[in-house]
Each structure stands twice: as structure tokens, then as C-alpha cells.
Q: 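Below is a structure I'd like to ask you about.
Read the numbers this way: they start at 1 and go in the same order the structure lists the ligands and their atoms. Counting begins at 1 with the first residue of the sequence. Side chains included, hydrogens not; waters and symmetry mates left out as well; all remaining heavy atoms used.
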Amino acid sequence: MERLIAGPSFKVRVPISISSAVNRAHCLSLRRGFMELAIPGGRTPVPLRCVKWDEGNTDEQATLTYQSEEFINAVEVREWECGKSLNDIAAKQGITIRRNYHSGYGSKGTTIEKDPPRNILEQIIWDKEVEVAQYKEAIPLETLKKNMENAPPARDFFGALRESYLRTGLPALIAEVKKASPSKGVLREDFDPVEIAKAYEKNGAACLSILTDKKYFQGGFENLEVVRKAGVQCPLLCKEFVIDSWQIYYARSKGADAILLIAAVLPDVDIKYMTLICRELGLTVIVEVHNERELDRVLKIDGIQLIGINNRNLETFEVDISNTKKLLEGERGQLVRQKGIKVVGESGLFTPLDISYVHDAGVRVVLVGESLIKQADPGKAIAGLFGKDISK
Ligand SMILES: O=P(O)(O)OC[C@@H](O)[C@@H](O)c1c[nH]c2ccccc12
């Protein structure tokens with residue numbers, strides 16, 4: 001089972017039990033062209049190809065040899081060869097939150113960080129690691145891939161945004177189906193996701209964002225499913241804290257048409273890998289950034305169509321809509337335009353003035369939750385937000 005592929009390679013020694021799980025994953029992924037590997041002692045979904053495995057050693061260890069796919073930069077792989085942890089790689093990219101869980105195989109992973117979480121985003125991610133490990137145990141990827149075949153086909157999220165912008169001359173609206181947030185608590189008591197989604201659609205939203213995090217946002221993957229099944233035509237963004245590609249398959253199996261990847265959480269290697277998975281599944285990707293450093297990182301990654309600039313700092317909850325303007329000034333803004341990337345202005349938008357402010361800054365899409373959902377009629381609130389009816 002040896003294949004020769006050019007590029008850096010490295011070996012890992014893993015317990016036989018993990019190796020056979022990897023083998024199974026490999027068999028599945030051979031058809032897909034790449035695979036996901038969990039290396040003990042670190043967490044990774046990196047796009048690597050297992051080129052050789054050697055089982056049956058007396059010490060019950062297997063040696064697996066991996067080679068990187070072409071799209072992985074050699075430096076990143078060399079970091080793995082040196083045994084650096086993903087937290088080190090992430091820190092070098094300016095990511096301040098730390099990962100805490102040995103994910104991959106079951107919920108029996110060990111906690112590696114001893115200190116308490118440093119901020120709310122880190123807390124959310126640590127909880128998400130436990131949640132995803134449990135979900136993965138209940139629904140293995142192989143099952144998920146089968147379930148996905150019964151999902152309704154992915155719709156053109158990007159196209160719906162472009163059409164809306166051309167039709168209205170105003171930023172296209174992604175209206176968010178959001179019951180609560182960690183910063184504001186419950187935003188709407190009488191929360192019926194289908195009713196709200198239909199009201200948004202009727203009043204001119206191009207796409208919808210469905211929050212799927214339960215613990216902090218009181219959302220759920222079932223909301224994606226019910227909204228889609230209710231016949232809502234607007235393409236749906238799965239608004240989740242994605243840390244593992246399993247969640248991407250899960251979102252697609254529930255009818256998502258697009259997914260959010262957060263640069264404050266994911267190192268470049270994850271963003272690249274996950275973007276490729278999304279492309280295979282027909283999902284549109286929005287990569288969310290909050291500062292210059294994150295934007296610069298994302299601008300170096302090929303194939304990104306949509307960048308979200310979050311006006312809310314997810315670590316402190318501070319909201320400042322001038323953040324969008326600041327990030328799009330000068331050379332960065334120029335590069336964004338040159339690359340044909342569309343920018344989504346996210347969070348803290350309440351008035352027609354806010355919309356025209358971010359529009360002037362270069363935004364072609366806005367993502368709005370609170371200011372719509374808190375009003376008695378969230379659908380009608382759209383005309384108030386834009387200063388005119390955008391449904392026709
Ligand atoms: O409710 P607001 O301020 O209009 O914000 C919506 C959206 O931008 C926000 O919910 C959001 C942006 N990025 C996120 C990442 C995770 C959870 C939520 C978010």
C-alpha cells in the first residue's frame with residue numbers, strides 16, 4: 001500500500017486501535033482524494049495522505065507515513081514534523097485563543113490546558129470541543145456521509161447575494177435567525193424559527209443565517225432542517241463555531257447552503273482544508289475576520305469569495321462599526337477589490353445610516369441579527385433598517 005507522491009512526508013506512531021480507525025478513514029477518503037487525521041498529542045484536520053502503514057508491531061504501535069497534499073504549504077507540514085502543537089502554530093498566526101481538547105476519537109480525550117479559559121470565545125470553543133467529540137461518537141463521519149446523500153441539494157448562496165445587490169443597489173441582506181447571544185441574553189422570547197425565516201424572506205432578505213450553537217445562542221441544527229423543510233427559498237448559512245470538518249458535513253446533511261469559518265479560531269491550514277471540503281460539498285464559505293492581521297491571513301488564501309468583517313470582537317463583545325471601514329482602507333481594500341472578494345459587514349447594524357456607512361466603506365452584503373429580531377415584526381423591521389422596502 002505504498003504510493004509515491006512528491007512532497008514532504010512524516011511518520012507518526014500511534015496505537016493500533018487508532019491506526020485502524022485511520023485506515024478506515026483512509027479507505028473512505030481514498031475516494032475523496034484526501035483524508036482527515038487525528039494525531040495523538042495534537043489536534044488536526046490536515047489534508048494529508050496516508051501513503052504507508054505498518055501494523056502488528058510487538059509494542060502494539062503502528063507506524064503511519066503521511067504525505068502532504070500539494071495545497072498544503074511545506075512549512076506547515078515541517079512544523080508538524082518538528083512535533084509543534086497546533087496551539088503553537090495558531091499563536092504564530094496571531095490567534096490568541098487556545099484549543100484544549102484531544103478531539104478525534106470519542107469523548108475520552110484529555111484536557112491539556114490547566115488554566116481557566118481566558119475569554120468567552122475560548123470558553124465557547126472548549127465547550128464546542130467536548131460537544132463535537134460527543135456528536136462524532138454518536139454519528140460517525142461514515143454515517144454522516146450517507147445521511148448527506150438524502151439532504152436537499154445545496155443552493156447558490158453567493159449568487160443570491162449578487163442578484164440582490166444588482167436588484168436593489170443596496171447591500172444584500174443575510175438576516176439572522178437568532179434567539180439569544182452570550183452578550184445580550186435572550187433577544188426574543190416568542191421564537192419560532194420558521195415564522196421568522198418566512199417573514200425575513202417575504203420582506204427582501206437575500207439569504208438567512210441560522211445560529212446552530214445551543215449553549216450560548218439557544219440555536220440548533222434542527223432549525224436549519226425545519227426552515228429548509230418549510231419551503232423557505234433563501235439559501236441558508238449555518239452559523240456555527242466550526243472547529244472540526246465533521247460539523248461541515250453535519251451542516252450539509254441538515255440542509256445548509258453556506259458555512260462560517262472564523263479566522264480568530266482556525267489556523268490557515270484548517271481554513272484551507274475546510275474550504276476544500278466545502279467546495280466538494282457545494283457549500284459557500286464566509287471567512288470571518290475581526291482585525292487587520294486576520295484579514296491579511298485570509299487574503300493570502302486562494303479561492304475565498306466572501307469575507308465577513310465582524311464589528312464585534314468575539315473575545316470582548318465590544319462592537320464598533322468603524323472596524324469595517326478601518327479594515328477596508330488603503331491597500332487592503334484595494335486587494336479585496338482586485339481579488340473580486342465580496343465583503344460582508346457583520347454585527348451592530350441598526351439604522352439606514354449604519355447601512356450606508358458600511359456600504360460606502362465597500363461592503364456589498366450585511367449580516368444582521370439583533371436589530372431585526374428584537375422588533376415586534378422582524379420582517380417589517382427590514383424596511384426600517386434600509387430606509388425603504390427592499391422586497392421588490
Ligand atoms: O446581532 P447582530 O449584532 O446584528 O450580529 C449578527 C451577527 O453578525 C453575529 O451574530 C455574529 C457574527 N459572527 C458570529 C460568530 C458566531 C456567532 C454570532 C456571530
Q: At a 4.0 Å threshold, what atoms of ligand 1 neighbour a non-hydrogen atom of Gly369?
A: 1 (O), 2 (P), 4 (O), 6 (C)
Q: Any salt bridge linking Glu189 with Lys179? Criterion: basic side-chain nitrogen under 4.0 Å from a carboxylate oxygen.
A: no
Q: Should Gly348 be counted as touching ligand 1, given the test is an N or O pair under 3.5 Å?
A: yes
Q: Going by the closest heavy atom to atom 10 (O) of ligand 1, which one wins out of Glu176, Lys374, Glu370, Glu240?
A: Glu176
Q: Which residue and atom name correspond to the protein heavy atom nearest atom 16 (C) of ligand 1, and how close is it?
A: Phe241 CZ, 3.4 Å
Q: Looking only at side chains, do Ser347 and Asn310 share a donor and an acceptor under 3.5 Å apart?
A: yes
Q: Distance only, no hydrogens: is a donor on one side chain within 3.5 Å (strictly under) of an acceptor on the other, for Thr324 and Asn311?
A: yes
Q: On a heavy-atom basis, I'd like to know which of Lys178, Lys239, Arg312 is closest to atom 12 (C) of ligand 1.
A: Lys239
Q: Would you say ligand 1 has an N or O under 3.5 Å from any N or O of Ser371?
A: no
Q: Check the pair Lys178 / Leu187 against side-chain contact (heavy atoms from CB on, under 4.5 Å), numbers first and verdict last.
A: CA-CA 8 Å; Lys178 181 180 195 179; Leu187 298 167; 3.8 Å; yes
Q: Answer yes when Glu288 and Lys239 have at least one side-chain N-carboxylate O distance shorter than 4.0 Å, and no when they do not.
A: no
Q: Could you tell me the residue and atom name of the protein heavy atom closest to atom 8 (O) of ligand 1, and the distance to it rounded to 0.1 Å?
A: Ser347 OG, 2.7 Å
Q: Between the side chains of Ser181 and Glu370, does any donor sit under 3.5 Å from an acceptor?
A: no
Q: In terms of residue, atom name and distance, what is the protein heavy atom nearest to atom 17 (C) of ligand 1?
A: Phe217 CZ, 3.5 Å
Q: Keeping to residues at least two apart or across chains, list the side chain to side chain donor-acceptor pair (under 3.5 Å) pairs with something in residues 147-164.
A: Arg155-Asp257
Q: For Tyr165, give me all partners under ring pair (Phe, Tyr, Trp, His ring centres under 6.0 Å), at least two apart in sequence or on another chain.
A: His359
Q: Can you find an N/O atom of Val368 closer than 3.5 Å to an N/O atom of ligand 1?
A: no
Q: With heavy atoms of Glu288 as the reference, note each atom of ligand 1 found under 4.0 Å away.
A: 12 (C), 13 (N), 14 (C), 15 (C)
Q: For ligand 1, is there an atom lying under 4.0 Å from some heavy atom of Leu349?
A: no
